[in-house]
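Chain letters run A, B, ... following the sequence lines, proteins first, then strands; residues in each count from 1.
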Number of protein chains: 2
Amino acid sequence: MKQKRVPIELGEALRLIMARAKPGKTEVVPLTEAYGRYLAEDLIADHPVPWFDRVAMDGFALLSDDTRLATFDLPVQLKVVGSVGAGHLPQKKVSPGQAVRIMTGAAVPKGADAVVMLEATTQQETENGVFIQVKRPVKPGENIARKGEDTPQGAVLASRGRRISAGEMAMLATFGYHSVKVFTQPVVGIYVTGSELLSVEAPLEPGKIRNSNSYMLESQIRQLGAIPRFYGIIKDDPELCTRVVAKALEEVDYLIVTGGAADGDYDCIPYVCQSLQADVLFDKVAMRPGSVTTVAQIGSKWIFGLSGNPSACFVGFELFTRPVLRCALGATAHPHLPRSKAVLVHDIPNNKRITRLMRGLLEVRGSRVLASTVGVDKSGVASSLVQANGLLIIPGTGQPLHAGEEIEVMWLERPDEGHFYV
Amino acid sequence: MKQKRVPIELGEALRLIMARAKPGKTEVVPLTEAYGRYLAEDLIADHPVPWFDRVAMDGFALLSDDTRLATFDLPVQLKVVGSVGAGHLPQKKVSPGQAVRIMTGAAVPKGADAVVMLEATTQQETENGVFIQVKRPVKPGENIARKGEDTPQGAVLASRGRRISAGEMAMLATFGYHSVKVFTQPVVGIYVTGSELLSVEAPLEPGKIRNSNSYMLESQIRQLGAIPRFYGIIKDDPELCTRVVAKALEEVDYLIVTGGAADGDYDCIPYVCQSLQADVLFDKVAMRPGSVTTVAQIGSKWIFGLSGNPSACFVGFELFTRPVLRCALGATAHPHLPRSKAVLVHDIPNNKRITRLMRGLLEVRGSRVLASTVGVDKSGVASSLVQANGLLIIPGTGQPLHAGEEIEVMWLERPDEGHFYV
């Protein structure tokens, strides 16, 4: 006889998961392939920046002391004794009474202690050479970036676990990380179960629908920086399901199985977990949608039994699979969806005694985050996933929520900044 | 003699660019490759959802009228005449006095007009067959999702120009888009100029620094969904630069050249534009950093002459290259960085008469967006690009800004939701 499942609270479910989630393996990749990966080593400045006294402006390198008494009416005249482009080394020392034409990015020549902007000078060519007139005192250090001024040697510019974006790429290149130690991208297997499921190429048949969950999950997995592997559609056959799940777990450490998570006569997940002697963390969560979600481990491998219902599947992944994968990817600091408050734009009726996660639209108006629901929020309606960029947390108080109230929200990730682009 | 450049206002620069930016070509890709691309056709529901009256809960299909008088004390008894799993078609019509065991996702059998939850029944096996007892009236339509209830046929679920995220993928699959018309990913060429530039593999040499801009730009380009192509490092040699630029423009429609954008003796960009008779939209913008930015067209091809300074290069790309590429990618509705207001966390001194874009940190606290500056904001200091997830717009009023004030900000895109994860 089947045991009645006891739902656990969302917070408890997350606690159980996080107690077991672990960072994965690491590997070294060429810098050109590092974008979007997670650092497995601190990014350290192995030299100061600038690493030499660097000219910050096109102009003339000179001795500031020479210009101490310069005025508009009585300019100081200096002899131009050379010219240095960026990347070329100054050959000569600059002596009193001399100046060197110099470009942004060049090293400051010996002797010089300041650079006067090109525009602040006038030039004169005589039979004795080229001279410049400087019409005001130039301060010591003017237009020079001192060695180490921007970044001291040894500074940690990004920590292990940080996802590599454009700024990290620039810093990795600056410090010569032509290869980078990053966390290995976990491969996440996907099985969708359901005798009603057709492939996307198939014409509709009576009583059947097309598989959409695998495409959705592949996107969610890729968004995180992991690698999806779609294994296929399985009919509602617990024994078949058990065989293919066992086989897939020989290849991947993380396996998502959608559908068959409930207690119906054809539901596979409870059978699979029992047959494979899985360690079930939970099989029901006190929330909607996604209450019939199973998370289990076999050894160090993970099985996520998500609802076959697309919206519940989506939410189940974001709440339970995501933090495990973020940990595997090394991002231990922020495993969960970003969370904040938001001001409700409209009333939300609420007579439920269970926590609900409603698909919503988060927008910033002025400096305030506003929240509204999108479309029909029945868990069966997947079309609202298109508009949603957040989840509104509706507590199970049975009390309606009112426009103007602050509520808790979670921010969904999209390939662009979805909360502005909806 | 060189002409003094006349800086134009940022708004005017953007106006000039947007007047010429155009959507690019389109192509058809398999659904599996559509994630992150931009729709070039509306996503239309070609069938209603559900497309048959669908069972929403495991239970028994029956005639609601049979249960009209059911009470706890006087339950109605119905004969179970069959069982239907999801994906299987009901064979028999349900007649008065009968019920059919049925699973979530199955089509509602003929004759039945409601489903009673499994948990709300008790079952009895007798020599005459299996019977259920129903202890309360079941409403007509209960636990049935009516055909078209979620999405009517012909509904536009996502419009042309929308970037494809997980929700769009689910809908594309649902409606049988096994291939999708999307905008072609523009290829964006990158040349970095500067005799001081070393490759990332090279050991440091006196007076030289490593190229970091190409790695940064490649990331920025990929984040948008376009394809970077790095052409290499060029020395400060205007004639050489002109030759390679002309050659690259035979291959790509968009070319970024960093460095050499100023008026220094070795600066290439003005020379290139003149030699190739480019139509220069502007070559100086009244803003910092990135004032020496050139945007030019040769026919329908684009040249972006960005600063060699990493931070100014970064900002120049985000402000000027990004909207052109977003348009090419079909996203005409939102070409620019998302913009909002934010409350300043600290004072910002300001004696400048020029608009500044300071790298900043945007955080949501409560439901409010807060802004602060990160690191040293001199345009030469690239390390603050690691922390920054936004740009603070500091107007050139010469007036300091105070903590608690609302200012305008722009949100940078990152592979994760950077504004929470800094």
Where is the tightest heavy-atom contact between [X] and [Y], given as atom of each residue plus distance?
X	Y	result
A173(A)	V200(B)	O-CG2, 3.3 Å
S195(B)	H88(A)	CB-NE2, 3.9 Å
P415(B)	R163(A)	O-NH1, 3.4 Å
L157(A)	Q387(B)	O-NE2, 3.7 Å
S367(A)	R368(B)	OG-NH1, 2.9 Å
A158(A)	V386(B)	CB-CG1, 4.0 Å

Taking every heavy-atom pair that is under 4.5 Å apart, which of [options] has the most such pairs with chain A?
options	answer
V343(B), D236(B), I209(B), L31(B)	L31(B)
A106(B), A342(B), P206(B)	P206(B)
P90(B), A107(B), G207(B)	G207(B)
P203(B), G259(B), A170(B)	A170(B)

Is it the side chain or the backbone of [X] that comes within 4.5 Å of chain B heavy atoms, both, or neither?
X	result
N211(A)	backbone
A86(A)	both
L204(A)	both
E201(A)	both
S214(A)	neither

* Asked: Do the side chains of V364(A) and V364(B) get nearer than 4.5 Å, heavy atoms only?
  -> no
* Asked: For L89(B), is it the side chain, the backbone, both, or neither that has a heavy atom closer than 4.5 Å to a heavy atom of chain A?
  -> side chain
* Asked: Checking F230(B) against chain A: side chain, backbone, both or neither under 4.5 Å from a heavy atom?
  -> neither
* Looking at E406(A), E408(A), Q220(A), which makes the most heavy-atom pairs under 4.5 Å with chain B? -> E406(A)
* In terms of heavy-atom pairs under 4.5 Å with chain B, which of G194(A), G167(A), A166(A) leads? -> A166(A)
* To do: Could you walk me through whether N309(B) and T104(A) pass the side chain to side chain contact (heavy atoms under 4.5 Å, CB included) test, one step at a time?
  => CA-CA 10 Å; N309(B) 178 317; T104(A) 308; over 6 Å; no
To the nearest 0.5 Å, tell me how far [X] [atom1] sits from [Y] [atom2].
X	Y	atom1	atom2	answer
Y215(A)	H178(B)	OH	NE2	10.0 Å
S212(B)	Y177(A)	OG	OH	14.0 Å
L385(A)	M171(B)	CG	CE	6.5 Å

* Asked: Where the side chain of W51(B) meets the backbone of K208(A), is there a donor-acceptor pair that is under 3.5 Å apart?
  -> yes
* Residue from R222(A), E218(A), Q223(A) passing side chain to side chain donor-acceptor pair (under 3.5 Å) with Y35(B) -> Q223(A)
* To do: Evaluate the salt bridge (charged side-chain N to carboxylate O under 4.0 Å, His left out) criterion for residues E168(B) and R414(A): first the C-alpha distance (whole Å), next the side-chain angles of each, then the deciding distance (0.1 Å), finally the verdict.
  => CA-CA 11 Å; E168(B) 288 81 1; R414(A) 301 173 55 95; 3.3 Å; yes
* Passes side-chain hydrogen bond (donor to acceptor under 3.5 Å, both in side chains), T174(A) versus R210(B)? Steps please. -> CA-CA 5 Å; T174(A) 298; R210(B) 295 197 188 92; over 6 Å; no
